[in-house]
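Treat the numbers as computed from the prediction; the structure is a model and nothing was measured.
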Amino acid sequence: MLISCIAGAAFPAQAGNNPADPSKVVRVALQAADDGFDLVHTYNAYSAWIGEAIFERLLTYDYLARPSKLIPGTAEAMPEVSDGGKTYVFHIKKGIYFAPDPAFKGVRRELTAADYAYTFKRFLDPKNRSPSANVLQGKIAGMDELIASAKKTGKFDYDAPLSGLQTPDRYTLRITLNAPDYNFLYIMAFVGLGAQAREAVDTYGDRTPAHPVGTGPYMLEQYVPRSKIVLVANPEYRGYTWDFKSSGSAWDDQLVRDMKGKKMPQVGRVEVNIIEEEQSRWLAFQGKQIDFDYLPQAAAPTVLDGKKLKQSFIDEGIRLDTITEAGVVYTFLNFKDPLIGGSSLEKNALRRAIAMAYNINDEITQARLGLAVKAEMAIPEGVLGHDPSYRNSIAYDPVLANKLLDHFGYKRGADGYRTLPDGKPLTLKIATEASAISTVFSEIWKRGLDKIGIRVEFKVSNFADNLKAATECKLMMWNGSWTADYPEGDNFMQLLYGPNVGQGNNGCYSSPAFDALYVKAKALPPGPERNQLYIEMSRQMEADTAWVLTTSRLRNWMIRPWVKGFKRHPILQADWEYLDVEKH
């Protein structure tokens with residue numbers, strides 16, 4: 001199915017200031033498919049990647065500052081905070097307009113405070129069942145009562161007055177919280193909270209995921225689901241001048257020399273292809289069909305000399321930007337699954353034995369080819385709350401895993417494979433994808449599980465479908481990853497919070513002890529006391545064996561010489577608005 005949305009054809013640019021040049025094209029690839037661009041209905045990372053270029057948040061991040069630094073987005077300035085951190089007042093810049101779209105019936109549509117109020121309400125409308133509702137749930141004064149009414153009547157009243165979400169004038173948004181939230185400013189920079197126009201959602205209804213309409217630098221021109229996405233410059237985008245400050249590194253200094261003073265964005269067209277297989281993406285980069293991409297593990301030995309590019313690639317003018325992702329890779333063990341779930345000692349022993357059968361060093365050397373480091377803690381390096389001295393209590397130990405299974409009555413049959421203590425069959429079902437690296441993960445799991453006598457089946461699907469099934473607690477085990485939406489430990493710990501099942505907690509983990517620690521941590525400001533609670537939560541998660549925590553990935557970004565201004569950001573993904581492309 002081909003879906004096209006060429007807004008400019010119906011509504012030519014009127015008074016926008018977007019300086020983007022249509023002849024400047026960036027060609028990139030995503031490693032898995034999106035599932036549409038209505039970010040209320042998905043937290044698919046690839047949907048968010050595209051959505052970030054279309055929708056604008058009140059706050060965003062400085063492109064060059066490290067560690068990540070919040071700055072105003074559509075807000076004129078950082079908000080006025082009062083009432084002990086419970087009230088936030090944002091003043092929105094005037095003269096920001098949505099991309100031209102038939103939903104506006106030929107009239108220019110200015111962004112207002114009401115658009116943010118509407119967007120926040122959409123996340124909490126029970127009918128939408130947003131998997132990201134937890135970012136706002138329970139926070140806004142008066143909202144719980146509105147949600148309760150909607151559940152009773154079957155209709156969310158978007159026009160009902162709300163004490164915690166007020167728009168005293170066209171450009172002012174006053175948010176009052178039930179209690180202070182020390183991460184609230186980070187939440188206001190969450191990509192899903194980019195403003196949507198009510199008219200557009202009403203116009204497109206169930207088709208909204210294929211018709212995103214925002215105020216950002218780009219708009220959707222062409223969409224071939226699970227194949228290709230084309231973005232073009234939003235003619236109404238106001239533009240800005242590139243004026244970010246160097247952090248003092250040679251890389252930053254060069255970026256400033258290349259980009260300072262340019263009217264942005266420069267890139268007028270972004271062509272995105274979905275290429276799930278790493279080898280295919282690498283061939284596309286070598287063939288100059290992709291302008292920048294991270295280096296596939298399989299290609300590392302032929303490209304890198306230690307941590308540096310080999311001379312042949314330097315001679316092509318290719319540059320290398322290496323970062324450790326602010327994220328973790330893990331396999332969840334579904335706490336609601338009838339075979340491996342539950343809090344009994346025998347089920348926990350089974351999960352612990354499964355975790356001890358997985359060889360993380362094999363993942364690093366065979367699947368990642370050295371481009372990863374062992375993740376010790378669920379909060380990764382570069383995120384507040386990470387403890388560099390923390391060491392995970394679950395180690396690769398098939399011998400001990402066998403003793404544990406023997407002790408709890410998981411007996412081996414004549415074929416060498418174990419049964420449940422009641423004699424019923426024991427077969428794990430691990431969800432996976434049809435890619436080369438997924439095959440290696442499966443081989444590592446199979447070798448380890450064979451050593452402890454547990455039979456396993458691998459169910460191959462695609463990322464988007466697996467994500468949907470995981471959200472519904474339908475997968476027994478699945479290898480997932482999480483990169484920071486905001487650089488604070490809560491962003492990772494919320495993946496294990498019981499009330500977030502169906503909203504990020506894909507392992508459907510529920511622990512009263514963990515949840516109590518999480519609630520306590522939420523009430524504290526960042527600092528040693530809160531960090532200590534993160535450590536206790538990590539230990540509780542390990543005690544329950546909710547995840548098999550494996551790695552944090554190293555990303556070696558390869559950039560063609562005609563791309564200027566590239567620096568990978570820990571949080572921002574859609575960096576096209578910060579780049580320039582020289583003729584080549």
Side-chain angles (χ1 to χ4, degrees), residues 1 3 28-52 129-132 191-192 209-210 212 223-229 272-282 284 290 293-294 296-298 325 327-334 363 367-368 371-372 429-445 457-485 492 495 502-508 547-553 555 573-574:
M1 175 174 63
I3 299 173
V28 296
L30 297 183
Q31 66 177 2
D34 63 89
D35 55 4
F37 313 112
D38 183 358
L39 302 186
V40 167
H41 285 111
T42 180
Y43 59 82
N44 181 309
Y46 307 101
S47 295
W49 202 320
I50 302 299
E52 188 180 298
R129 294 184 172 184
S130 174
S132 298
V191 63
Y223 180 39
V224 184
R226 303 191 179 188
S227 178
K228 187 170 185 176
I229 303 158
V272 184
N273 286 289
I274 313 302
I275 309 178
E276 298 194 16
E277 182 52 60
E278 283 193 331
Q279 182 62 21
S280 299
R281 273 203 325 278
W282 175 236
I290 297 175
D293 196 14
Y294 67 83
Q297 282 93 220
E325 274 191 338
V328 292
V329 178
Y330 58 90
T331 297
F332 68 69
L333 302 159
N334 186 345
E363 175 179 324
R368 307 289 182 193
L371 300 181
K429 295 182 179 180
I430 301 180
T432 186
E433 287 81 46
S435 64
I437 193 169
S438 296
T439 300
V440 179
F441 290 143
S442 298
E443 291 168 351
I444 296 169
W445 270 116
E457 296 176 359
F458 297 96
K459 300 180 69 176
V460 180
S461 184
N462 61 73
F463 176 82
D465 288 345
N466 276 338
L467 181 60
K468 183 176 185 296
T471 302
E472 298 169 352
C473 296
K474 292 180 179 178
L475 300 183
M476 182 186 293
M477 295 172 60
W478 186 37
N479 181 63
S481 63
W482 190 266
T483 53
D485 292 315
F492 291 83
L495 301 173
Q503 299 177 4
N505 182 352
N506 291 339
C508 308
W547 284 0
V548 183
L549 186 64
T550 61
T551 61
S552 289
R553 294 169 292 197
R555 293 297 201 193
Q573 301 293 325

What residue pairs, at least two apart or across chains, pass salt bridge (Lys or Arg N to Asp or Glu O under 4.0 Å) with a residue in residues 431-443? none
Taking the side chain as every heavy atom from C-beta outward, state whether Glu276 and Leu30 have any pair of such atoms under 4.5 Å apart. no
For the residue pair Asn334 and Leu475, establish whether any side-chain heavy-atom pair is separated by less than 4.5 Å. no
Quick one, Phe492 with Val328, criterion side-chain contact (heavy atoms from CB on, under 4.5 Å). Give me CA distance, side-chain angles, the key distance, then yes/no. CA-CA 9 Å; Phe492 291 83; Val328 292; 4.1 Å; yes
With the side chain counted from C-beta on, respond yes when Trp482 and Asp485 share a heavy-atom pair under 4.5 Å apart, and no when they do not. yes
Listing request: all salt bridge (Lys or Arg N to Asp or Glu O under 4.0 Å) pairs with a residue in residues 34-52, at least two apart in sequence or in separate chains. Asp38-Arg122
Between atom CZ of Phe441 and atom CG of Asn479, what is the distance when rounded to the nearest 0.5 Å? 5.0 Å
Check whether any side-chain heavy atom of Trp445 lies under 4.5 Å from a side-chain heavy atom of Met477, and answer yes or no. yes
Going by atom types only, do Thr551 and Glu363 share a side-chain donor-acceptor pair under 3.5 Å? yes
Nearest 0.5 Å, please: how far is CZ in Phe332 from SG in Cys508? 7.0 Å
Ile274 side chain reached by Tyr46 side chain, heavy atoms, under 4.5 Å: no
Minimum side-chain heavy-atom gap Val329-Arg553 below 4.5 Å: yes
Ser552 side chain to Glu325 backbone, donor-acceptor under 3.5 Å: no
Atom pair CD1 (Ile430) and CZ (Phe458), whose distance is rounded to the nearest 0.5 Å: 4.5 Å
Measuring from atom CG of Leu39 to atom OG of Ser47, what distance do you get when rounded to the nearest 0.5 angstrom? 7.0 Å
Which word best sums up how the rings of Phe463 and Trp478 line up, parallel for under 30°, tilted for 30 to 60°, or perpendicular for over 60°? tilted
Polar side chain donor-acceptor pair, Ser442 to Thr439, under 3.5 angstrom: no
Could you check whether any side-chain N or O of Ser438 sits under 3.5 Å from a backbone N or O of Ala434, counting only pairs where one atom can act as donor and the other as acceptor? no
Of the non-hydrogen atoms in Tyr43 and Ser132, which two are nearest, and what is the gap between them? CB-OG, 3.6 Å
Please report the C-alpha distance between Ile437 and Arg368 in whole Å, then the side-chain angles of each, then the deciding distance to 0.1 Å, and finally whether the side-chain contact (heavy atoms from CB on, under 4.5 Å) criterion is met. CA-CA 8 Å; Ile437 193 169; Arg368 307 289 182 193; 3.6 Å; yes
Please report the shortest heavy-atom distance between Ala431 and Asn466, naming the atom on each side. CB-OD1, 3.9 Å
I need the Asp293 CG to Arg555 CZ distance, nearest 0.5 Å. 9.0 Å
Evaluate the side-chain proximity of Ile290 to Ile275: yes if any heavy-atom separation is below 4.5 Å, no if none is. yes
Not counting sequence neighbours, which residues clear salt bridge (charged side-chain N to carboxylate O under 4.0 Å, His left out) with Lys468? List them please. Glu472
Can you find a pair of side-chain heavy atoms, one from Asn506 and one from Thr471, that are under 4.5 Å apart? yes
With Asp465 as reference, evaluate Lys459, Arg226, Lys474 under the salt bridge (charged side-chain N to carboxylate O under 4.0 Å, His left out) test and give the passing residue. Arg226
Going through the distances and angles, do Asn505 and Leu495 end up as a side-chain contact (heavy atoms from CB on, under 4.5 Å)? CA-CA 4 Å; Asn505 182 352; Leu495 301 173; 5.7 Å; no
Phe37-Trp49 aromatic ring centre distance below 6.0 Å: no
Once you round to the nearest 0.5 Å, how far does CD1 of Ile229 lie from OH of Tyr223? 6.0 Å
Applying side-chain contact (heavy atoms from CB on, under 4.5 Å) to Ile50 and Val272, what does each step give before you reach the verdict? CA-CA 9 Å; Ile50 302 299; Val272 184; 4.1 Å; yes
